[in-house]
Amino acid sequence: MPEIKGYHAHVYFGADTVETAHAVCEEAARLFDVKMGRMHERNVGPHPRWSCQLGFGPEVLDQVLPWLMLNRQGLTIFTHPDTGEHLEDHRDRAVWMGELLELDLSIFD
């Protein structure tokens, strides 16, 4: 069985919600042991929308996930574990908050 090394929460946004996403991500990084990535104003990796990655360890999942559920301000958030099995982590082990979107999983072939 793979080991969960950490988690990535991808906060999706568009041109009209970039400020909201920035505020949500900054607040998560301020409140928890979360590393905020860049605000990508283009699609990157398998992600179908602009996004910002929040990276965090297993020890804060029980704090970060509920906070995101209650404070996502209508944004879609895709959260997955990091086990090193990228396809499975993104396809089979994810948690969605908001709209379910189709990822471009072909990058993991």
Side-chain angles (χ1 to χ4, degrees):
M1 185 157 119
E3 178 185 339
I4 296 175
K5 302 169 197 150
Y7 293 90
H8 295 157
H10 301 274
V11 179
Y12 294 134
F13 60 93
D16 58 333
T17 56
V18 65
E19 290 180 20
T20 301
H22 197 265
V24 168
C25 291
E26 280 192 336
E27 187 69 359
R30 185 185 72 75
L31 291 172
F32 308 104
D33 186 12
V34 167
K35 181 177 180 179
M36 179 180 161
R38 291 192 314 252
M39 300 288 294
H40 292 284
E41 293 188 18
R42 61 183 176 86
N43 296 1
V44 295
H47 305 290
R49 291 199 181 145
W50 299 357
S51 63
C52 178
Q53 177 179 291
L54 300 174
F56 51 95
E59 68 280 356
V60 295
L61 176 69
D62 65 334
Q63 299 166 35
V64 176
L65 210 56
W67 186 88
L68 289 171
M69 289 173 177
L70 297 175
N71 295 280
R72 65 185 181 85
Q73 298 189 43
L75 299 170
T76 295
I77 301 177
F78 169 74
T79 305
H80 66 84
D82 176 14
T83 67
E85 296 178 348
H86 302 295
L87 176 61
E88 292 84 355
D89 289 347
H90 286 78
R91 183 189 64 203
D92 304 329
R93 302 172 179 148
V95 175
W96 285 93
M97 294 176 225
E99 185 180 359
L100 285 169
L101 302 172
E102 188 170 340
L103 302 175
D104 178 7
L105 299 175
S106 68
I107 69 163
F108 302 123
D109 290 339

Is H22 close to M36 at the side-chain level, that is, under 4.5 Å between some pair of heavy atoms?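 Contact flag for M36/H22 side chains = yes.
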Do D92 and E85 come within less than 4.5 Å of each other through their side chains, counting heavy atoms only? no
Separation of [Y] [atom2] from [X] [atom1] (nearest 0.5 Å):
X    : Y    : atom1 : atom2 : answer
H86  : L105 : NE2   : CG    : 13.0 Å
D89  : I4   : CG    : CD1   : 8.0 Å
E3   : D82  : CD    : CG    : 10.5 Å
L75  : F13  : CG    : CZ    : 9.0 Å
D104 : N43  : CG    : CG    : 9.5 Å

Minimum heavy-atom distance [X]-[Y], with the two atoms named:
X    : Y   : value
V11  : A21 : CG1-CB, 4.2 Å
Y12  : P48 : OH-CD, 3.8 Å
H40  : V44 : ND1-CG1, 3.7 Å
G37  : C52 : O-SG, 3.4 Å
T79  : A9  : OG1-CB, 3.6 Å
L103 : H90 : CD1-O, 3.8 Å

Output every pair passing side-chain hydrogen bond (donor to acceptor under 3.5 Å, both in side chains) with a member in residues 49-71, not counting sequence neighbours, ordered by first then second residue. R49-E99
Walk me through whether R93 and T83 qualify under side chain to side chain contact (heavy atoms under 4.5 Å, CB included). CA-CA 10 Å; R93 302 172 179 148; T83 67; 3.2 Å; yes
State yes or no: do L68 and V95 share one hydrophobic cluster built from I, L, V, M, F, W and Y residues joined by side-chain heavy-atom distances below 4.5 Å, directly or via other members?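 No: no chain of side-chain contacts under 4.5 Å links L68 to V95.
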Can you say whether the rings of H80 and F78 are parallel (under 30°), tilted (30 to 60°) or perpendicular (over 60°)? tilted
Using the side chain to side chain contact (heavy atoms under 4.5 Å, CB included) rule, take W96 and L101 through it: C-alpha gap first, then chi angles, then the decisive distance, then the call. CA-CA 9 Å; W96 285 93; L101 302 172; 3.9 Å; yes
Between T17 and Q73, is a side chain to side chain contact (heavy atoms under 4.5 Å, CB included) present by the stated rule, with each step listed? CA-CA 10 Å; T17 56; Q73 298 189 43; over 6 Å; no
